[in-house]
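Only a predicted model underlies this, so the values are computations on that prediction, with no experimental measurement involved. Only this structure's heavy atoms are used, side chains among them; waters, hydrogens and symmetry mates stay out. In what follows, residues are counted from 1 in the order of the sequence shown.
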Amino acid sequence: MGCLKNIFRAVILTLAVVGFLSLGGKEFVGGLINNYFNPSKDVMLERAKKVGDFSHINDEFEIEKAAGIMGYNAVVAEHKASGQKMFVVDSGDKPILTADDIKSESVEDKLQKALSKVKYQSISVDELRVTKHGTMHSYGKEVPYVKFEAKIKKLPIGDVGGIVSVADMNDEGRRLLISLNEKNKYSQLISEEFFRKIK
């Protein structure tokens, strides 16, 4: 009797699966999986709200990822035409860098120390050199930045240029702002346009 019961359950389960698949279940499950790994722009903007309001950025920028990484909330965006990458990291109670670090004369040492905290074996940054100090507008305020050049090893990129900035958010912690591209393709105008739109 128990064997007959198990056969009956297997037949019912098989019919249920076949019925589910014939009614479009495969497409439904495929759509769920695709939406999880490749969410829509609205879903990305919703996830990015943990870090800031990205709803005002231009269509020339695309938010690629918005997720928690190693205890930090982060957003990764790309300028579609140039391939320039922008990173916004909410460092919360564990600051990677501060605005005072960015303004200091020993900023290169502080950047090297920060890089050693988040160093990955697949990426190695060598010959980091700060070329300029400045300010830009982001999160509704003027924030300090440093422009840098560096050599990236273990990746096909080679020489990169970019900026690192920190926006102090008072009670909400800090936002680390990074923009970079290949050295000869980096554009400060693209960086400032993107970061200015974040509220």
Undergrad: Evaluate Thr98 against Asp100 for side chain to side chain donor-acceptor pair (under 3.5 Å), listing each step before the verdict.
TA: CA-CA 5 Å; Thr98 66; Asp100 289 337; 5.0 Å; no
Undergrad: Might you work through the side-chain contact (heavy atoms from CB on, under 4.5 Å) test for Ile163 and Phe195, ending with a clear yes or no?
TA: CA-CA 11 Å; Ile163 61 167; Phe195 291 126; 4.1 Å; yes
Undergrad: Taking C-beta and beyond as the side chain, do Val160 and Lys183 meet within less than 4.5 Å on heavy atoms?
TA: no
Undergrad: Write down the atom of Lys147, the atom of Tyr145, and the distance for their closest heavy-atom approach.
TA: N-CD1, 3.9 Å
Undergrad: Less than 4.5 Å apart, side chain to side chain, heavy atoms only: is that true for Phe61 and Glu193?
TA: yes
Undergrad: Which pair of heavy atoms, one from Asp101 and one from Val107, lies closest together, and at what distance?
TA: O-CG2, 3.4 Å
Undergrad: Kindly give the heavy-atom pair with the smallest separation between Glu78 and Gly83, and that separation in Å.
TA: OE2-CA, 3.4 Å
Undergrad: Do Ser138 and Phe194 pass the side-chain contact (heavy atoms from CB on, under 4.5 Å) test, and can you show the C-alpha distance, the side-chain angles, and the key distance before you say yes or no?
TA: CA-CA 9 Å; Ser138 189; Phe194 178 79; over 6 Å; no
Undergrad: Ignoring hydrogens and geometry, is there a side-chain-to-backbone donor-acceptor pair from Lys80 to Asp59 under 3.5 Å?
TA: yes
Undergrad: List the steps and the verdict of side-chain contact (heavy atoms from CB on, under 4.5 Å) for Val164 and Leu97.
TA: CA-CA 9 Å; Val164 176; Leu97 290 167; 3.8 Å; yes
Undergrad: I'd like to know if the side chain of Asp53 and the backbone of Ser55 have a donor-acceptor N/O pair within less than 3.5 Å.
TA: yes
Undergrad: Can you name the closest pair of heavy atoms from Gly161 and Tyr186 and give their distance?
TA: O-CD1, 3.5 Å
Undergrad: For the side chain of Ser106 and the backbone of Asp109, is there at least one donor-acceptor N/O pair under 3.5 Å apart?
TA: no
Undergrad: Starting from the C-alpha separation in whole Å, work towards a yes-or-no answer on side-chain contact (heavy atoms from CB on, under 4.5 Å) for Met136 and Leu177.
TA: CA-CA 11 Å; Met136 66 180 180; Leu177 313 173; 4.0 Å; yes
Undergrad: Please report the closest heavy-atom contact between Lys185 and Gln84, naming both atoms and the distance.
TA: O-OE1, 4.0 Å
